[in-house]
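Both ligands and their constituent atoms are indexed starting at 1 by order of listing.
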Amino acid sequence: MHYIDFRSDTVTKPGKAMREAMAGAEVGDDVYGEDPTVNRLEEYAAALLGKEAALYASSGTQTNLLALLSHCQRGDEYIVGQLAHTYKYEAGGGAVLGSIQPQPLDLEADGTFDLEKVERAVKPDDYHFARTRLLCLENTHNGMALPLEYLSRAQALAKKQGLKIHLDGARIFNAAVKTGVDAADIAGFADSVSVCLSKGLGAPVGSVLCADSRTINAARRWRKMLGGGMRQAGIIAAAGIFALEHNRERLQQDHDNARVLAEGLSSIETLTVDYVPAQTNMVFVTLPPEAADSLQSSLAKDNVLIPAGRRIRLVTHLDIDRDGVERMIGLMRTFFS
Ligand SMILES: *Cc1c(COP(=O)(O)O)cnc(C)c1O
């Protein structure tokens, strides 16, 4: 059964060529540092992101946690967006496992911090307070690419306040394609960057953390402690290499498809479509209340999958082509007519 699945870009499945790369991967014991494919992925990712070193891990949640644990000590604090993945969607790992206090702040509508608010949130050096050590940014946030000028101001602020920056770049290559700026230049505003291989890039599993060698060495120890040391992981790392080699540039197609979807849905009167120029592969749609319950099941009968709720996020990715988008628009027009 072929579904057109708009729920997330994590649903992408490896195609034939990626599976062949996995099947043919040379492997070894990565805990001994002897898996040539994992080593190749880490070197390649580090080079693409312009960092000294990289570490392969099971998920973006893990690479973000490794970054928190490597940058912060017990009793330190990180400033993070109220709706950022590294605060809201990672089960409180930094607090639970690192005794690191989050200081969440509201993000602006475009996914940026008001940097004056960030500056006010940095705590003075006083033993009443946790030590503010780290600023966490997210690019893309809700599918929006952050402006470079903003990243540059954030970097200047961090420098002035003695903070490190961790960039949750789960979709940094979407941001790179969108802005036409090299991913290494975007990552250059941060001390560390986490990149998901398993979203729009299409690998079945895995993320990489890229940073200087000292940070990556610390992260490698934490990864082992968390039970994240893997053995013949080259089998899955091969998919990551394939994804980075073949699926970065094509993200443009996903962005084009999201724009076509947004335009098509905008012509349906009862829908409110949020789609801004900085948007990459997501479209947010607010449904009329009476449709919120029935639309999902109606589309599912036509093998089209969407999330539940009134304000839904539709995500384009490499398993949805232009025909799939047109089909979705047609089904929505029929449903709302
Ligand atoms: C998906 C995602 C992650 C990591 O998620 P995993 O499912 O743990 O790989 C991190 N940050 C953002 C913004 C994400 O969208």
Ionic contact status for Glu42 with Arg220, cut-off 4.0 Å: yes
Presence of salt bridge, Lys199 and Asp9, under 4.0 angstrom: no
Nearest-neighbour protein heavy atom for atom 11 (N) of ligand 1, which is reported as residue plus atom name and distance: Asp168 OD2, 2.6 Å
Listed partners of Asp274 passing side-chain hydrogen bond (donor to acceptor under 3.5 Å, both in side chains), at least two apart: Arg311
Side chain, backbone, both or neither: Ser59 near ligand 1, heavy atoms under 4.0 Å: both
Per-residue contact class, Thr10 against ligand 1 - non-hydrogen pairs under 4.0 Å: neither
Whether Gln155 side chain and Gly188 backbone form a donor-acceptor pair below 3.5 Å: yes
Backbone of Val27 reached by a side-chain donor or acceptor of Gln232 within 3.5 Å: no
Atoms in ligand 1 flagged as close to [X], the criterion being non-hydrogen separation under 4.0 Å:
X	answer
Cys196	4 (C), 9 (O)
Gly60	4 (C), 6 (P), 8 (O), 9 (O)
Arg171	15 (O)
Glu138	13 (C)

Leu69: hydrophobic cluster co-members (side-chain, 4.5 Å): Leu55, Leu65, Leu66, Leu68, Tyr78, Val80, Tyr87, Val96, Leu97, Ile100, Leu134, Leu209, Ile216, Trp222, Met225, Leu226
Atom 7 (O) of ligand 1 protein-contacted, heavy-atom criterion under 4.0 angstrom: no
Under 3.5 Å: N/O of Thr61 near N/O of ligand 1: yes
Sub-3.5 Å N/O-N/O distance, Lys199 and ligand 1: yes
Side chains of Gln103 and Lys123, donor plus acceptor under 3.5 Å: yes
Thr215 versus His71, side-chain donor and acceptor atoms under 3.5 Å: no
Candidate with minimal heavy-atom separation from atom 10 (C) of ligand 1, of His141, His85, Lys88: His85
